[in-house]
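Written out below as structure tokens is the structure these notes cover.
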Amino acid sequence: MSPKKFQNAVLNWFDQYGRTNLPWQQSINPYRVWISEIMLQQTQVSTVIPYFERFMHSYPTVDALAAAPLDEVLHHWTGLGYYARARNLHKTAQLVSSELSGQFPDNVPQLIELPGIGRSTAGAISSIAFKNQATILDGNVKRVLARFSATDGWPGKSAVVEKLWLIAETYTPFKRIADYTQAMMDLGATLCTRSSPNCEQCPLMKDCKAFKQGNPQDYPGKKPKKKLPVRTTCFLMIKNSDGPCC
DNA sequence: GATGCGTGGAA
DNA sequence: TTTCCAAGCAT
């Protein structure tokens, strides 16, 4: 499937079924996109929403966040987990506020330098907030692309995730980049879900390799379980039993 | 390249 | 009840 066809399929689907009412999609700016992306790391949308609302109420701008004491910021984070995110958030706010005149960088290389912002979050901020041609690869997109391309292996392995990055980049469009980024996440979140994906409604169904194989649930590959040491001898004897317990 | 980091929800 | 994660990143 050509990138052009892929993009059109995804964007046409987004125009009909994409999410547009999430709190961070209202009055989009780099600060709001950044906060939402950090909160959403390894954290579900329904959990994040009330935290995002309270956070924005208390800290409407990056300067307001930078001026707040760290313990107050951490208090706003209580219950969200991964508290290093909040510390990095505060550190980055102070950095942007005092050294970058309150302006976030608009490109991936500079965004990645900021504490708490990695490759995917940088791609999200650059594409959604600045409309730059940048690529994301979060859990949703990994799932969509692993299935579409039937890429084997657990994405925790660097070789696997690098394959997925390459695929993600080849399909990233130059136009409607913000919609496309959101669309890929929406596909993963609403149709191409971890269990029982709704393939019949998916705009990529006809070209999805995993669907054609009939095993979308096998992608992405799972983390290999660690083998427990084999017990060669059992010393425990159960009372009144004839042999060892195992 | 493997781990640790938090909490809540689904299988 | 237990296990496996869910819009990743830093070390």
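Atom set for the values below is all heavy atoms of this structure, side chains included, hydrogens, waters and symmetry mates excluded. Order of the sequence lines fixes the chain letters, A, B, ..., with proteins taken first and strands second; residue numbering starts at 1 for each chain.
Inspection of the A/Asn140 and A/Arg143 side chains reveals an N or O donor paired with an N or O acceptor under 3.5 Å.
Distance check: A/Trp24 CH2 to A/Ile49 CD1 gives 4.5 Å after rounding to the nearest 0.5 Å.
If you check every strand for non-hydrogen atoms under 4.0 Å, A/Thr121 touches sugar and phosphate atoms only. At a threshold of 4.0 angstrom between heavy atoms, the contacts of A/Leu22 include nucleobase atoms, whether or not backbone atoms are also involved. In this structure, A/Gly156 reaches neither bases nor backbone, as no heavy-atom distance under 4.0 Å exists between it and the strands shown. Within 4.0 Å (heavy atoms only), A/Arg143 reaches sugar-phosphate atoms of the nucleic acid but no base atom. Within 4.0 Å (heavy atoms only), A/Ile38 reaches no atom of the nucleic acid at all.
Rounded to an integer number of Å, the gap from CD of A/Gln41 to P of B/dG6 is 13 Å. Atom P of nucleotide B/dG6 and atom CH2 of A/Trp77 are separated by 12 Å, given to the nearest angstrom. In this structure, the CD atom of A/Gln217 is 18 Å from the P atom of C/dC4, given to the nearest Å. To the nearest angstrom, P of C/dG8 lies 18 Å from CH2 of A/Trp34. In this structure, CE of A/Met39 is placed 16 Å from P of B/dG6, rounded to the nearest angstrom.
Here A/Lys223 does not reach the OP1 or OP2 of B/dA2: none of its side-chain N or O atoms lies under 4.0 Å away.
Contacts between residues 165-199 of chain A and DNA chain B, defined by a heavy-atom separation below 4.0 Å, involve A/Ser195, listed by number.
Among the nucleotides C/dG8, B/dG9, B/dG6, the one closest to the side chain of A/Gln44 is B/dG9.
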